[in-house]
Structure formats: structure tokens, C-alpha cells
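Working notes, beginning with the structure itself.
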Amino acid sequence: MSDTHAHDYHPPGLQHQFEDMKQQEESNTIGMWMFLAQEIMFFGGLFTAYLIFRSRYPMAFAAGSNHLDAFLGGLNTLVLIVSSLTMALTVYYAQKGNRNLQVIMIILTMIFGSVFLVVKAVEYTDKYNHGLVPFATWNKKTKGEAEHAKTEEPKEVKHFFASEGGEKKAGGAEAEHHYVNTTGEFQWNDWEKTDELIKEAQQGNFLTDAEKIGYFSNGEFDKEKFTGRVRIFYWIYFAMTGLHGLHMIVGLGMMLWLLIMAWRNTYSAEYYTPVEISGLYWHFVDIVWIFLFPLLYLLGRHFLH
Amino acid sequence: MQNNSWIPLFPDQASSFAWQVDALYFYIIAVCLFFGIGVVIAVFWFAMKYRETEKYASPEEIHGSNVLEITWTAIPFIIAMTIFVFGTYVFFTLYRMPADATEVYVVGKQWMWKFQHETGQREINELHIPVNTKIKLVMTTEDVIHDVFIPAFRTKADVVPGRYTYLWFEATKPGKYHLYCAEYCGLNHSGMGGWVYVMEQRDYDNWLAGNVSNQTPVEAGQDLFQNKLGCASCHQDTGSGRGPSLKGLFGKDQKLSNGQTIKVDESYIHESILNPQAQIAEGFQPIMPTFKGQVTEDQINQLVAYIKSLNPSAANSTGSNSTAKPNAPAANTATKPPATTNTNTNTTVKPAANTASNARGNK
Amino acid sequence: MADNHDNHDEHEQHEHMNIPKYIGIFLVLVVGTILTYVTAQWNLDVIFPGANTLLALLIAFTKMSCVVLFFMHVYWNGKLIWLTVVGSFVFLAIMFAFTMQDYLTRGAGIFTK
Amino acid sequence: MMETVAVTRDTSKKPELHYLNNGYSVASWLLTKDHKRIAMLYLMSVSFFFMLGGIFAALIRLELMTPNSDLLEAGTYNRVFTAHGVIMVFLFLIPAIPATLGNFFVPLMIGAKDLAFPRINLLSWYLYMAGGLIAAYALMNGGVDTGWTFYVPYSTTFSNGWVLVTGLGAFVIGFSSILTGLNFIVTIHTMRAPGMTWFRLPLFIWSHYATSLIMILGTPVVAITILLLALERVAKIGIFDPAIGGDPILFQHLFWFYSHPAVYIMVLPSMGIISELIANFSRKRIFGYEFVAFSSIAIAVIGFLVWGHHLFVSGQSVYAALVFSILTLVVAIPSAVKTFNWTATLYKGSISYDTPMLYAFSFLGLFLIGGLTGLFLGTAGMDIHLSDTYFIIAHFHYVMVGSTVIGYLGGLHYWWSKMTGKQYSEFWGKISAMLVFVGFNLTFFPQFILGYLGMPRRYASYAEELQVLNIFSTAGAGVLAVGMIMPVIYLTMSLINGKDAGDNPWHLPGLEWRTSSPPPTENFYEPPVVTWEAYDFSEDNGLEPKKEVAKETV
Ligand code: HEA
Ligand code: HEA
Ligand code: CUA
Ligand SMILES: [Cu+2]
């Protein structure tokens, strides 16, 4: 429909409904911010669920969290921060009209973004191998002890409690038969540590009411029940990081498009809103991770000492 | 409801706090009338007085008045706060549990209410309580959320799986009152209900002691089937419920899910009630709960009589009240004292009084 | 265009940041990350329960502020963007607070049996 | 405000092109980026779903004529009211006003050429259709029997798999709604015509602004909730199921965090229309413009603080219930302010009784009842008795049908000539407006009494003594249905043989009346410059002197 009007002073890139570039840029920026407000509430629902369940089952959450690889999580945080820097610089160079540095920065951003996803994939695989995917039967199915020990063991021990050095490695032999998982069900095997946690909590009288019901049957610590509560931690972990990962993938798509446009030298000091609003999106995704990292990976670390 | 006017306008007031709720109701109605009538009169009056006299007129401009705005913000606010205070008072009365109440345990289940008294009596879809006594319901559910609602007592509360919720009341008027499930819970939500019988203490004691039935076994069995035990919530004549229709069942050959065929006789029915998982009718899920401990042998006999009566030809053939030989009744009666649910209340239950409730559970 | 008073002229913002400043913010973020990691290993819950989480959230909040203010240029944006950012968080806080008030006060006080 | 700027076109030459005749191909409609055409697409789809929902309503009422469930079996009945609720809420009422009248008139009323993001606007229609058809398919094919609230654990463990499909539909529609809201906010911020300051905006715009806020901040929460519901259903992962550590009340919190504000998504745009109608048909500036404008924002914001009033009997903490109760009573105040200002606007006006104004009067009466009965429910002590009874049904039909649908119909009549260039039959318009009013009250007023008597909702069969009132209600629904079918007929007829309405049949000052009917694709022939306040009926408001118009049309 844009061909029906006859204003010939239109700069290229100005859409018909706007009077001038300034109005268009402003609209796009506000539009992106509104979208981000929407995103905040979208993630907010999950954070609320996190809040509720963490306040109900703090020990199960601590136990589950200790099983995540805080080193990889931290690494990923750094990776994302670097990518945020390169993204910010992309905008900076777009404003300066510096095409070459712009392209380089976009490529760097994409590389770091991809590294993040690769690390995430490694972590997911690890969970898969350890029977920690909260979906029934979605875990690696391991048959017997013997076979399992051959194929899996060395790698697992490395990732298990990587953050606390060798101390835990003693559990390696024990861990061997932990990972027998013929059905692919969710499994929780770190009982040694768990027992310690629970004992500590019982002594210090930390257990919440929900925990007193949630972990115990007839006054006895009930492994099955506890596993169920750890599973709650893991679905939150997967839901949140999964959604975040999805956003990363979308972001990478946006970067690809930016790359093509920047390559064609589209952006200049006068026209760089697309770069800017893509940047807003990227930074937002980064911010989500800034919160996810401590909330998911670090929340029970201090219990390990 | 014992409201006999042609159009009922107001429910029975049968609990100690019902009048409070009603008073609150009338107070808010008064507030509504005050504002509602005010606004409506103003609108009518303006609409009449200032109706268009000249086409496309430019009436005098009035921009507004801060004094008015503040007035009509402040007054409703203050009134709303009085409603809040009053409402909170009533809320406290309704939801604050008395310490000295008699407890009744309530379990909701699709689609029946199970009650158990402190003295051990169990009942289904019926609750017998003495008048002028504080009763506290301690409630939970086996499956989804339900909601105990007794309009005549003006109170209700959701029953939530995985935890206990509480409700209390003190009935003030003997009688028979509706008990509803007010939280949607699936197919037979509207049939999940029954009656609360408020009885004089003497009658209640009689009821507790157990009394002889003045119903015929078939009637008593029907009453059990339709209301007290909630069988009809699964077994509907149309066959659309979750269990098979029992119409014409007696005397037939029934195919079981394990391929066998079995003749439906008294002991089969007996077994189906006490040990339903033993023989699963073909094409159905083994979801029928056991009624072990909730029915006396007497009652099973009444049920059998009723189910038989659903097939007139078979009923003829066997004649009178059956005395089916139960397979393992001794164990039951040993574990549960026989003075469990009784078929009868000496206050209101007469076959005639049942028709209203039958209409609800029944098609 | 209508009145502009609620929106800054966004062309000017690149005057505010330069490479050293970007790197500076970046370093703050890196330090923040390391700090989160390290403090999480200490047992601060002896001070008061939840101290660990509180500290971690404080650091995260600081990091977020840096990103929002400088990488996303909100510091130089108009009132509207400020309002959007603050507003979204207020609504998030409402969701948290009002949901939690239910869970935290359930079965408390005079209503317990 | 001395100078008058003529922004009307030169009336001597008829426009050759307007948005309706600017291309006739199917593609010119389905790929259009013109907000007016998209609005028309929405109008058609929304009307379709309204009729569908209406048919389900008819089934409900027919079944409830007798105490037993004889017409529909309980299982069918449950599917029917779920379909009715889901279709009416998600597929009809939430998009009804914003996506049709809002889409059409927000740009026109602020003097913009289009919305800020025409492509996103079109995308939102496609999302709406996709989601709508998915949901409708699931509801009609397999049938979902959870009620529109999808409470867990019933919906996750007991009901059938179509819940998932319906949820998917609602999820998709949610994003359509978010995009609409986003588009409005940006448009209202950046695309106002020169001179169109915030306080010169018509109140319709203010209410859409407030609505959009809710859409953006609330809808994503329901989206994530539905996602969790799906996860729970598929994987049984213990979010809501207490058997494995979850919490069913959490679902209710998350659901109502959106769904209470959503009731304001429904009513605010309608309130905007009523502000327009009352000001324009009494030819007066609205009384206390700022207060009416800000009360919309106040409703939107405070509306987010009260969701727990749907949980009074659910087992939520009693302290939380009291907090929610007091805030609920507070959120009623801005509505009160609006009501009083509308009433005061009539004072010393020049009130005409055209069809749209009849709807506005109906609105005042019905919103009063609907809103005031909200006070009963907001009072915690009262709600214990009333929750989940027909009192609730009556309350929300008074606000959703009695206020929102009636506001929508009023707006549709009011702007019909602008949208189509044709005039509908005023005679039939008035008849149907009155039938709707009478039928509506007959249908739903008895339900308040039923509710207090204790008739629970979602009941396929009910106690016998309640039949008389139910028969009244069903009879009323018949009258209501006739009243609702009539506009469908005479509005359609007007397209075929209606008189040309003229650009400004009521000689109103709003910007949308200063362009032709139907408007050209780019809305205005000359970019408008605004020099007058909203609802300025004085002589210097830039319109042609009223004397001449009067002569011309008489
Ligand atoms: C358009 C939709 C709409 C609107 C506008 C409203 C408006 C209001 N609603 Fe309603 N409501 C629904 C749609 C709506 N509601 C729906 C769909 C449900 C049921 C959902 C379900 O369970 O399926 C529901 C349920 C519902 C409940 C839950 C009941 C329960 O399930 O137990 C409550 C409780 O507080 C409530 C309260 C209110 C209040 C206080 C208002 C207020 O905003 C009303 C404000 C207006 C006025 C008060 C009138 C004007 C004022 C005056 C004339 C001045 C006098 C005023 C004072 C003295 C304060 N509503
Ligand atoms: C926008 C929302 C909206 C609208 C417009 C309506 C409109 C109507 N609704 Fe409903 N209703 C809801 C939203 C709405 N409803 C919701 C959310 C529920 C709760 C569901 C739940 O519990 O989950 C509900 C529940 C509900 C119930 C309670 C069911 C129960 O709890 O058991 C009843 C009962 O009377 C009812 C009746 C009606 C009637 C008579 C109309 C009438 O106003 C309809 C009039 C309109 C028409 C009739 C359409 C126009 C005519 C045609 C298309 C021609 C074809 C029609 C005929 C041949 C008759 N509705
Ligand atoms: Cu149980 Cu409804
Ligand atoms: Cu509400």
C-alpha cells in the first residue's frame, strides 16, 4: 500500500507510515523496549515458580544445584559478558559508520554466542548421561554396571563436583553403579552428600514445613520423595536455561541478519536503529543469564564445606 | 432447601453465622442502592432535561470540578473501607477455626464426599450432625480440587489435594440441607453432593447407635446406590459413566477383561463391591474403589436387592431378599466395628423425600 | 511528530561512551562474576539465613544495572525508557511479592488448627 | 486556539480511492498492511467466534431449562460451557474492541497514517487466526471439559489431551494480543499528529493505552503458565501436582495474575468508547477529562494487585486474602470516578438518543450493576458464600456482556458509517438496543438470586426448586439472542442498500470525523494539525460552521 502516496523526499529505509527517520527510530526503540518488558514478565513467571519451590524445598534445591557444574556456568557467564561487550561495540561502530569493525564485532558476538550454546549443550549432555533430565525416559539408558563402567566413567568423575577439586573423586567407584538407569527415568544418586545436608539441616532446624512432609515418610528419610523434589529443581533448571537458550538462538538469527546488512554497509551515523535494537535484545538475554547463574548454579555451594 | 415459595428468593439460615453473612449482604445491597439509585436518577433526569433541542448545538463547556472529583473519590473510598472492615469481621468468623469443635474428616473424591466421624462412623454424600454443636471439617481429597459448600450455612472452602483445609460451622436449625461440590471437578461435578442432616442431639445419638430401617431393602439399596454411597456417580443407566450400567445386569453372563465369562449372581455383586479389582468387567478400567469397611453386610444385601430389581425378570426368579453367602465377610466385620454407616435417619429420610436428590444424581 | 519532551534525542548518546569506558564496564562485569563465584563458596548464612543469596542477588543486580545503564544506553535515554525499565521491574516485584505473601503466611497465626 | 486550521478535505471533489476500493483481490486483503483492512479482517473473525460462542451459550441455557441433565449429558455440558467460556474470552472479548475498533480508530484519532508496525499488526491477525482455529478445533472436535480456567490438577491429570491443543491455541493468541498492545503503545507515543498533546487525546486513546499496558505486562505470564501446564501434562514433572511436590494453587496465582487484569483488557476499551459516546452525543467536553484519563491508568495498574480475590476460598493464606480484598475494593474507586464523571457530563448537554447513545445508557446501567456486585465478591467474608455460584456468573456477564459487549456494539454503530461509508437503519438499531437491554437483564438478573440461594456454577443438573428462576433466565436468553442477531442482519443489509452516511453525520470534532468515510488508505488527505481540545464543540474547533452543516443535511 505504500505506493499510493507521493512524498518524494523519503529517505531510503523510511517506512510509509512515518513522517521522518527520527520518528521511525524512536518507534523502533520504544517498540523493542516494550517487547523487552513483555520478556521480563515472560521469564518472570518462571522466576516466580523458582521462588516458590526454592522457598519450599531449599535443601533439595541446594543438592540439585551442587550437581550443576559451576565452573562451566561461570565460564558461560564470562562468555556472555564478552559477547555483550562486542555487541555494545557493534553499536558503537555502527554509530561511527565503521563498517569493517562493525562486521568484526558482529562475528565475534556470534562466535561467543555460539560458544555459550556449545557449552550449554555439553552440560545438557552431561545431565542426560547422569539421568538428571526431568522428563521420564528422556535420559540415557544404561544397561548394567559392567558395560556402564567401561563407557562412561572417566568423563563423569571429571564433571562431578568439578568445582571442588579432587576431594569428591573418592566417590568415583561408588558412582559406577549409581548410573545404572535402564528405563531412562530421572535419577538422583548423590546420597552421601544429601544425607549430610539433611542431617545438618535437621540439626540446625532449617527444614521448612514443606520439607518435613516432602522428604520424609513416617519420620524416615524417603529417598524416592527427595528425588522427586530434586527433580523439581531440574525442571526449573531445564525450563529456564532452555528458554534462555531459545532466546540465544533467536538472537543469533538476528545477528546473522545484522551481519548481512552490515556487510552491505547499510548502517551509518544516521541510520543504525536495527543494530541498536538488536543490541538491546542481546543485552537483555545476557541479563537473564546474569540472574540465572547465581540462582541456579551457586545457590547451595556454601553447603559443600 | 425448605423454601416452599414458588420462586425461592432466600436460602435457609441454619448456622450460627449465617445471619452475619446475610447482614453483610444487606449492608452491601444498601450501599449499592445508594450509589446505584443516585446515578440512575441523575442519568434519567439529565437525559430528560437536557435532551437535544437544536441540532449540532454547542452547549456550554464545563471542564470539571476538583471539589466534586475529590468528593466522589473520597466518599466511595470511605464506604468501601467500611465494607472491608465488616467483610473482614465476617471472614474471620467464618475462617477462624474454633478450638473446641468436634472434628469430622472429609475426603473428596471424584465424585463423592466421604465423611468420617470422630466416633468412627463413615458416611458417603451425607453428613449427620447434631444441632448447636461446633463442627470442624478437616478436609482433603484423593484426586482433584473439590469444594464443600453448604448454602444454608453460608460457608464453603476448597478441598485441595496434598494438604488439609478446614471449615467450621454450628448448625442452629434441625433439617436437611444441600451439600454441594462447588469447585469444578470433572464429569459428574453436578452430581457430587448430597445432604447435611442436622439433628437434635437425641436423634443424633440414636443415629449413632444405629437404628432399624423402615425402608424396604430395595428402597434402602436404591438410597445407598443413588445417594449415600455414590455408586450412581459412576454407574449411570445410560452407560455413559465411568462404570458399566447395571441395568439388567443381574442374571446375565458377564465378560471379564481376562477373557472369562462369569454369571452375575449375588456373590459376584458382593465381590464387585468389596473387592472390585478381582473381576474386571470387559471394556472398563479397574478404577472402582473398594467399599470394604464402608458398607455393612446388611447394606450389601440391600444393594444386591436393588441391583437385582434393575432386572425385573431376574428379580422374579430369585424372589425375596437374598441372603447371599459372602466369600470373606468375617475378616471385614472383624476389622471394622459393625456400627458403621446406617441406612436410616429417623428425622427426614423417607423415600418420598429422596426424589429431589435422586433427580440430581439420576438422569 | 508530537511533543517530544518524553524522549531524548538518541543521536547524541554515542558522545557519552567510548572504547575505554566500554572496557571499563566490561571489567566491572567480569569482576562481578568472579566475585559471585567466590562469595558463593563462603558460608555467609551464619550471618543470617539467606545472606548468600542476598549477596549473590545484589551483585547480579549491580551487574544488570551496568548493562542496562551503559551497554543499553538507558542512562542517556528519555524518561519513557526509564519508566519502562523501572516499571517492568516493579510489576515483576508485584508478582513475586503478592504470590509469596500467600505462601509465607499460610497456616500462620490464629488460623492454624 | 485562535487560529482554525482546516483539515477536512475539499468536499467538492469526491475521493476516488478509499481503503475499501483500493484493490479488491484476495491478496490485497490477506496481505494488507493497512490497519483499517486488518481491523475489518478482525471484525469478521471476531464476529464469527462470537456467534460460535453464542450458540454454545444457547445450548447452556436450553440445558438449564430443566433441573436434570436431559438435553445434554453431563460430559457434553461440561464441554459446552468450556467451549463457551474459552471462545468468548480468548477468541472474542479480549481482541473484540482493541483489535477491531482500536485498530481502526487509534491511528485515525491521533492523526497518524497507520500503526507504527503495520507488518506486526498483520502478523498479529494471523497469529490470532491460527490460535483461534486451533483452539476452536480442539474445543469442537475432542472437546475440553476443564472450564475456561483450566484448573490443575484436573486439567493435567484427568481431562483429555485436547487441553494441550486448546492451551497451544491460547498461547498463540496471547502473542497476538501482546503484539497488538505493543503496537498501540508505540503508536500513541510517537505518531500523534502535530498539536495532538497527551491531554488533547480522545479518551478512547487513553483507555487503549491502559489496555495495552496490561496486554504487555500480563499476557506473557499466562503464556508461560500455559507452557508449564503443557510441560506438566506431557512430562508429569511436579509443577502443579501435589502428589509429586507441586502446588496446585501456584497455577491459580499465575493464571489470575493475568486473568484478572485481563478482565480490564476487556472493559477498559469499552469504557473508552462510552467516554466518546457520552461526550459526543451530549455534545460536551467530558467532565473531568484528566480524572477519566488517569482512572484508566489507575485501573490498569491497581488491577495487577488484586488477582487473589479469585482465590478467597481456594486455601490461600487468609492474610493474603485480606490484602487482596482491600485492594479489590480500592480498584473499584477509579471505576466509580469514571461513572460519576460520565453522569456529570450529561449535565447541561444537548443529548440525542441515537442508537449508539442508547447503548451508552445501557452500559451505564449494566456496568453499575456488574461493578457493584463486584463489591460483594471483593469482600472476603461475602465471597465465601458466593464464590463459584451463579452470583459470579451473573456478575461477570453483567460486566463482560452488559458492559463490554454492549460498549462494543455501541462503538460499532457509532463508527459504522466511518468504517463503511453507509448508514444503518436507525429504527432497527433502536429496537435491537432495547431488546438487548431487556433480554440481558431478564437473563442474568435471576442468576444473582440463584447464586445467593446457592446454585453452584458448572452444574449440568441442579436442585428442583431452582427451576423457575432458571426458566426466566433461559427465556431472557432467547430475547437477548434475537436482539443480538438483529444487528448482524441490518448492519449487513446497510452494506448492500444503506444510504451514504456522509463524512461527519453528527458534526463531531474528533479527527476521525475530519476525513472521508470510508477514509483513504493513508487516512488523511493533508497531514492534520490539531489545535483544539478533545470534544471541543465550540465554534472555533476547525469544523465548518455548524449552521451550514445543519442546512446541508436537513
Ligand atoms: C469485564 C470483566 C470484568 C470486570 C470489569 C470486573 C470488575 C470487577 N470484578 Fe469481576 N469477574 C470477572 C470479570 C470482570 N470483573 C469474571 C470473568 C469473573 C469470574 C471468572 C471465573 O471464575 O470464571 C470475575 C470474578 C470476580 C471475583 C471472584 C469471585 C469468585 O470467584 O469468588 C471478584 C472478587 O473480588 C470480582 C470482583 C470485581 C470487582 C471488585 C470489579 C470492579 O472493577 C468493579 C468496579 C465498578 C464499580 C464498583 C461500579 C461503579 C462504582 C460506583 C457506582 C460507585 C460506588 C462504588 C463504591 C462504593 C466503591 N470479580
Ligand atoms: C465475552 C464473554 C461472554 C459472553 C458474551 C457470554 C454470553 C452469554 N453467556 Fe456466558 N460465560 C462466559 C463468558 C461469556 N458469556 C464465561 C467466561 C463463562 C464461564 C465458563 C466456565 O465456567 O468455564 C460463561 C458461562 C456461562 C454460563 C454458566 C455455565 C455454567 O457455569 O454452568 C451461562 C449460563 O447461563 C452462560 C450464559 C450466557 C448467555 C445466555 C450469553 C448471551 O449473552 C449470549 C448472547 C449471544 C448470542 C446468542 C450470539 C448471537 C446470536 C447468534 C450467533 C445466532 C445463533 C444463536 C441462537 C440460535 C440462539 N454463560
Ligand atoms: Cu467435586 Cu466438583
Ligand atoms: Cu478478578
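Labels below follow one simple rule: chain letters A, B, ... track the order of the sequence lines, proteins then strands, and each chain is numbered from 1. Note: hydrogens, waters and symmetry copies are ignored here, and every other heavy atom, side chains too, is used. These numbers were taken from a predicted model, which means no experiment stands behind them.
Residues D/Tyr154 and B/Gln110 are in side-chain contact: their nearest non-hydrogen atoms beyond the backbone lie under 4.5 Å apart. Looking at heavy atoms from C-beta onward, D/Thr379 lies out of side-chain contact with B/Phe91 at the 4.5 angstrom threshold. Using a 4.5 Å heavy-atom threshold, the side chains of D/Pro242 and B/Val160 count as separate. Side chains of D/Pro153 and B/Pro161 form a contact here, defined as non-hydrogen atoms less than 4.5 Å apart. With a 4.5 Å cut-off on side-chain heavy atoms, D/Val330 and B/Met81 count as touching. Side-chain contact check for B/Arg163 versus D/Ile249: some heavy-atom pair is nearer than 4.5 Å. Under the 4.5 Å side-chain criterion, counting only non-hydrogen atoms from C-beta, D/Asp388 is in contact with B/Glu183. In this structure, the side chains of B/Phe92 and D/Leu322 come closer than 4.5 Å at one or more pairs of heavy atoms.
For D/Tyr151, the ring-ring contact (aromatic ring centres under 6.0 Å, His included) test picks out no residue, with sequence neighbours left out.
Closest heavy-atom contact between D/Phe287 and B/Ile62: CE1-CG2, 3.8 Å. Shown here for D/Asn78 and B/Leu187, the closest heavy-atom pair between the two residues is ND2-O, 3.2 Å. Contact detail for D/Ser350 and B/Thr53: the closest heavy-atom pair is OG-N, 4.4 Å. For the residue pair D/Ile449 and B/Pro8, the shortest heavy atom distance occurs at CG2-O, 3.8 Å. Residues D/Gly315 and B/Thr165 come closest through the heavy atom pair CA-CG2, 4.4 Å.
Considering only heavy-atom pairs separated by less than 4.5 Å from chain D, the leading option among B/Ile145, B/Leu167, B/Val159 is B/Ile145. Comparing D/Ile369, D/Val313, D/Asp145, D/Thr146 by how many heavy-atom pairs each has under 4.5 Å with chain B, the most go to D/Val313. Chain B forms the most heavy-atom pairs under 4.5 Å with one residue out of D/Ala344, D/Ser325, D/Pro446, and that residue is D/Ser325. Here D/Ile326 is the residue among D/Asp247, D/Leu469, D/Ile326 with the most heavy-atom pairs under 4.5 Å with chain B. For the set D/Tyr289, D/Tyr535, D/Trp506, the count of heavy-atom pairs under 4.5 angstrom toward chain B peaks at D/Trp506.
In this structure, OG in D/Ser387 is found 5.0 Å from NZ in B/Lys156, a value given to the nearest 0.5 Å. The line from SG of B/Cys185 to CZ of D/Arg458 is 10.5 Å long, rounded to the nearest 0.5 Å. Distance OG/B/Ser190 to CZ/D/Arg457: 14.0 Å, rounded to 0.5 Å. Remark: D/Ile351 CD1 to B/Lys49 NZ distance equals 11.0 Å, nearest 0.5 Å. With values rounded to the nearest 0.5 angstrom, B/His63 atom NE2 is found 12.5 Å from D/Ile286 atom CD1. Rounding to the nearest 0.5 Å places CG of B/Asp147 at 9.5 Å from OG of D/Ser314.
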message: I'd like to know whether B/Glu69 forms a side-chain contact (heavy atoms from CB on, under 4.5 Å) with D/Asn341, so could you lay out the CA-CA distance, the side-chain angles of the two residues, the decisive distance to 0.1 Å, and finally the verdict.
response: CA-CA 8 Å; B/Glu69 299 288 349; D/Asn341 278 302; 2.5 Å; yes
query: Going through the checks in order, is the side-chain contact (heavy atoms from CB on, under 4.5 Å) test met by D/Leu346 and B/Tyr50?
result: CA-CA 8 Å; D/Leu346 297 171; B/Tyr50 302 110; 6.0 Å; no
message: Could you walk me through whether D/Phe291 and B/Thr73 satisfy the side-chain contact (heavy atoms from CB on, under 4.5 Å) test, starting with their C-alpha distance in whole Å, then the side-chain angles of each, then the deciding distance to 0.1 Å, before giving a yes or no?
response: CA-CA 10 Å; D/Phe291 291 90; B/Thr73 308; 5.6 Å; no
message: Evaluate D/His385 against B/Thr155 for side-chain contact (heavy atoms from CB on, under 4.5 Å), listing each step before the verdict.
response: CA-CA 5 Å; D/His385 178 57; B/Thr155 190; over 6 Å; no
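With a threshold of 4.5 angstrom between heavy atoms, D/Leu508 does not approach chain B through any atom at all. Contact annotation for D/Leu450: neither backbone nor side-chain heavy atoms come within less than 4.5 Å of a heavy atom of chain B. Using a 4.5 Å cut-off between heavy atoms, D/Ile384 contacts chain B through both its backbone and its side chain. For chain D, the nearby part of B/Phe149 is the side chain; its heavy atoms alone come within less than 4.5 Å. Proximity to chain B (any heavy atom under 4.5 Å) is shown, for D/Ala460, by both the backbone and the side chain. Contact of B/Leu94 with chain D is made through the side chain alone, with heavy-atom distances under 4.5 Å. Contacts between B/Asp143 and chain D at a heavy-atom distance below 4.5 Å involve backbone atoms as well as side-chain atoms. Residue D/Phe361 touches chain B through its side chain alone, counting heavy-atom pairs closer than 4.5 Å. When heavy atoms are compared at a cutoff of 4.5 Å, D/Ser282 approaches chain B solely by way of its backbone atoms N, CA, C and O.
No donor-acceptor pair closer than 3.5 Å links the side chain of D/Lys284 to the backbone N or O of B/Glu61.
With B/Val43 as the partner, the side chain to side chain contact (heavy atoms under 4.5 Å, CB included) test is satisfied by one option alone out of D/Leu364, D/Thr339, D/Leu368, D/Ile278: D/Leu364. For the pairing with B/Tyr184, the ring pair (Phe, Tyr, Trp, His ring centres under 6.0 Å) check across D/Phe150, D/Tyr77, D/Trp148, D/Phe81 returns one residue only, D/Phe81.
Ring geometry, B/Trp72 versus D/Phe340: the interplanar angle falls from 30° to 60°, so the pair is classed tilted. The aromatic rings of B/Tyr180 and D/Tyr459 sit perpendicular, their planes meeting at an angle over 60°, well past the 30° parallel limit.
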I'd like a table of donor-acceptor pairs (distance under 3.5 Å, sequence neighbours excluded) in which one partner is a side-chain atom from residues 19-42 of chain B, with atom names and distances.
| residue | atom | partner | partner atom | Å |
| --- | --- | --- | --- | --- |
| B/Trp19 | NE1 | B/Ser16 | O | 3.1 |
| B/Gln20 | OE1 | B/Thr93 | OG1 | 3.2 |
| B/Asp22 | OD1 | B/Arg154 | NE | 2.8 |
| B/Asp22 | OD1 | B/Arg154 | NH2 | 3.3 |
| B/Asp22 | OD1 | D/Tyr452 | OH | 2.4 |
| B/Asp22 | OD2 | B/Gln13 | NE2 | 2.6 |
| B/Asp22 | OD2 | B/Arg154 | NH2 | 2.9 |
| B/Tyr27 | OH | B/Thr82 | OG1 | 2.6 |

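More than 12 heavy atoms of other residues, nucleotides or ligands lie within 6.0 Å of CZ in D/Phe199, so this atom counts as buried by the packing criterion. No more than 12 heavy-atom neighbours from other residues, nucleotides or ligands sit within 6.0 angstrom of OH on B/Tyr164.
With no hydrogens or angles considered, a side-chain donor-acceptor pair links B/His178 and D/Glu465 at under 3.5 Å.
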